[in-house]
Amino acid sequence: MASPSPFITLFLLLLGAFAQARDPFACDPKDATTSSLPFCRVSMPIPTRVKDLLGRLTLQEKVRLLVNNAIAVPRLGIKGYEWWSEALHGVSNVGPGTKFGGAFPGATSFPQVITTAASFNATLWEAIGRVVSDEARAMYNGGAAGLTYWSPNVNIFRDPRWGRGQETPGEDPVVAGTYAASYVKGLQGSNGEQLKVAACCKHFTAYDLDNWNGVDRFHFNAKVSKQDIEDTFDVPFKMCVQDGNVASVMCSYNQVNGIPTCADPNLLKKTVRGTLSQIVIRLGCFIIPNITHQHLKKRRQMPLKQASLDLDCGPFLAQYTENAVTRGLLNEADVNGALANTLTVQMRLGMFDGEPSAQPFGNLGPKDVCTPAHQQLALEAARQGVVLLKNHNPSLPLSHLRHRTVAVIGPNSNATVTMIGNYAGKNSNNNYVSLLVNGCKMGCLINNFVLVRTLGVACGYTSPLQGIGNYATTIHQMGCADVACADDKLFSAAINAARQADATVLVMGLDQSIEAEFKDRTGLLLPGRQQELVSKVALASKGPTILVLMSGGPIDVSFAQNDPRIGSILWAGYPGQAGGAAIADVLYGTTNPEGKLPMTWYPQGYVSNLPMTDMAMRSSPNRNYPGRTYRFYKGPVVYPFGHGLSYTNFVHTIASAPTVVSVPLDGHRHSENTTISGKAIKVNHAKCNKLTVGLQVDVKNTGSKDGTHTMLVFSTPPAGHWAPHKQLVAFAKVHVPAGSQERVGINIHVCKFLSVVDRSGVRRIPIGVHDLHIGDVKHSLSLQAATLGVIKN
Ligand SMILES: *[C@@H]1O[C@H](CO)[C@@H](O)[C@H](O)[C@H]1NC(C)=O
Ligand SMILES: *[C@@H]1O[C@H](CO)[C@@H](O)[C@H](O)[C@H]1NC(C)=O
Ligand SMILES: *[C@@H]1O[C@H](CO)[C@@H](O)[C@H](O)[C@H]1NC(C)=O
Ligand SMILES: *[C@@H]1O[C@H](CO)[C@@H](O)[C@H](O)[C@H]1NC(C)=O
């Protein structure tokens, strides 16, 4: 090989510049004046350091630290900081705090959250968080990212049309809360006060509409009952705070019952900081949208005081706070309160501890991003998240001996960027690329090299076509030009491919042009003429026809469910950078599918008369309202919540379970009238601490393939108008080799999971028979109140 051209040398030099370690954010040991100040002393407790720093800042400086692009305070040796970075399912450049390029051309892009949720594997969720925060720290050390991530999104996927449903862990509050706590633990690490990165559970609360029928999220007033708030919308946030110890919570764009959530002192101060948890929310990563400004202006209020916001993702607080203090609308103490929270987070992150390289995680760098192990976990996550919806005959798995030629058809058949869903990265918005490309006007090597390296922000992709290509010879046809599938111009070529091949795989579904932030769907069917293509290809295909769906939200595929020519249906969600490999592994049986749907798949008719704006969870026969999610909706479905097949069969038997459990009352509650109403004990009056129901369940694999079983335990509470039909109370996964049996232990926390919420929003434990369902097995559990009057202090 010849020696490198000058252009390559230039390129490598630039690479080197980008890989350079970041200077300390504050307390730079090279600056003797500032690094000796008390707030820099690592040996002192954080509250003392925060107090010292606050005492040194002027009001003018303080107000400009209340916003996401916080200013530098050079006289104290503090640099500017961009609080906004995103890591929904991998470090992303959606927030301005993160830039790809140079030594960090991409990051591991895990499946979109709805797919990861389908794995029902909390260990996996935490493991993904750990990898993402390794990569985030590595990028921070290299000057390419922040340490504060506005992830995860744990709103309930209430309406199947929501464009951001894909970002969430689905429709069940317990799954969403478990996901929130697990992912946050993985991101933040669990070393006491120290934070690896700071996570943020968003958007508090009752946010699940972007733009539907002329109503947008900034103007939407979500009318929500106290019961639904407590029972559904706030559950993931509570679990995120209490179990995940999250560093921050973001309020939502919408109003709840007429008050913008970011300006509602009851919601934020009382619920988030007060009742939700004993711990203090150390950072409020609170966006203050326009509607909030107007609301506050009318009332001459400042959100810092009124709602205890700490940080504004926008300029408002920097612009108006000083004036508000001057005019007496706000005390400087309120400003200090907010700043104390945000500065505490920065100190917990080590940002005031001097040289980043000398700190924990200081050794992480470019070599720790997109490692083979990280990319393997992205593949593993996709494998665990794929859901087998239908397997007639059975048509799957394919055999690499009999199905040597496969027609791979459909607008998502060679998908790459589509597989990573949203909050992944924008390819065009890359200053580094334009810098290099513009500096290289000769169409030289560098140009090609850069373009190849910046195709996306994932480390690389395996499309379905490539994945299947590892098992068989493929004949590729798009069938439709894109997911909109406006015409049938490409149909006949696709039909011809299916006629020739031993098997046909159609990869159809949606992408961000159909469902996205700012874009809710109008219906639940496949877009354009996709359905027609699938049916025509299925009719013509020589071998088995398999339908693979990519989408965040559910799709009404009743036509395919009922078509005997379509042997199998797989849902892959948006399966991330390795999605195509995972799909192929499932198709060919190297992976036995284990995913379960984290949301109900409704028929199209469900939404035809259902305004997205109606927030009520419970059905109401009087007004012909069907109710929402499997907990309250009893009508026809295409596929239910929790549906997902395997290539083997699992049989459950309950090995041991109590039939009666008594609920002890709190010591000083000994009078029946204060504890029991409608035969349900207030959770606040019960001794909840270690009150669990322990079950032992045997899971037998009666088929001929090894497999992993995802066990969902539902409870039907005693009948009553408060209760859902059934609710998920526990889930567990177990690997069972063919022909053998494994025992699974499950503990159900009585107060958290067997309780229901009354109409006033009070959580209560219904006394009486709760039916537990595990697959076809039912177990009746009788809850009784511990003898009253006996327990006294
Ligand atoms: C859950 O995911 C982790 C991480 O991928 C994996 O090691 C584990 O085997 C999974 N659990 C089960 C029961 O499959
Ligand atoms: C925000 O509200 C003001 C009125 O207070 C209005 O003039 C302005 O256009 C709004 N901006 C946006 C982006 O909606
Ligand atoms: C599939 O996509 C890859 C990456 O975008 C591209 O290089 C390749 O040409 C595509 N293959 C076909 C057959 O279109
Ligand atoms: C409960 O009952 C006791 C005894 O009957 C009575 O003294 C007390 O006032 C009642 N408390 C409430 C809150 O009704």
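Each ligand, and each atom within it, is numbered from 1 in the order the structure gives.
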Per-atom contacts, ligand 1 versus E380 - under 4.0 Å to a heavy atom: 5 (O)
Of all the non-hydrogen atoms in the protein, which one sits nearest to [atom], and at what distance?
atom                    : answer
atom 2 (O) of ligand 1  : N121 ND2, 2.3 Å
atom 5 (O) of ligand 1  : Q384 NE2, 3.4 Å
atom 14 (O) of ligand 1 : T708 CG2, 3.6 Å

Hey, can you tell me if Y183 and Y179 have their rings parallel, tilted or perpendicular (30° and 60° cut-offs)?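 Aromatic pair Y183/Y179 classed parallel.
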Is the ring pair H652/H709 parallel, tilted or perpendicular, if the boundaries are 30 and 60 degrees?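 Ring orientation of H652 relative to H709: tilted.
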Exam field: side chain N191 to backbone Q194, donor-acceptor pair closer than 3.5 Å: no
Identified side chain to side chain donor-acceptor pair (under 3.5 Å) counterpart of N153 within the set E167, E517, Q166, E86: E167
Would the number of heavy atoms belonging to other residues, nucleotides or ligands and lying under 6.0 Å from NE2 of H735 be above 12? yes
Answer yes or no: are there more than 12 heavy-atom neighbours, outside K542 itself, under 6.0 Å from its atom NZ?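 More than 12 heavy atoms, drawn from other residues, nucleotides or ligands, come within 6.0 Å of this atom.
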Atom 11 (N) of ligand 1: protein heavy atom closer than 4.0 Å?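 So atom 11 (N) of ligand 1 has protein heavy-atom neighbours under 4.0 Å.
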I need the contact type for K733 against ligand 1. Using non-hydrogen atoms and a strict under-4.0 Å cut-off, is it side chain, backbone, both or neither?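 Both of them.
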Can you check which of V417, N414, L465, I475 brings a heavy atom nearest to atom 3 (C) of ligand 3? N414
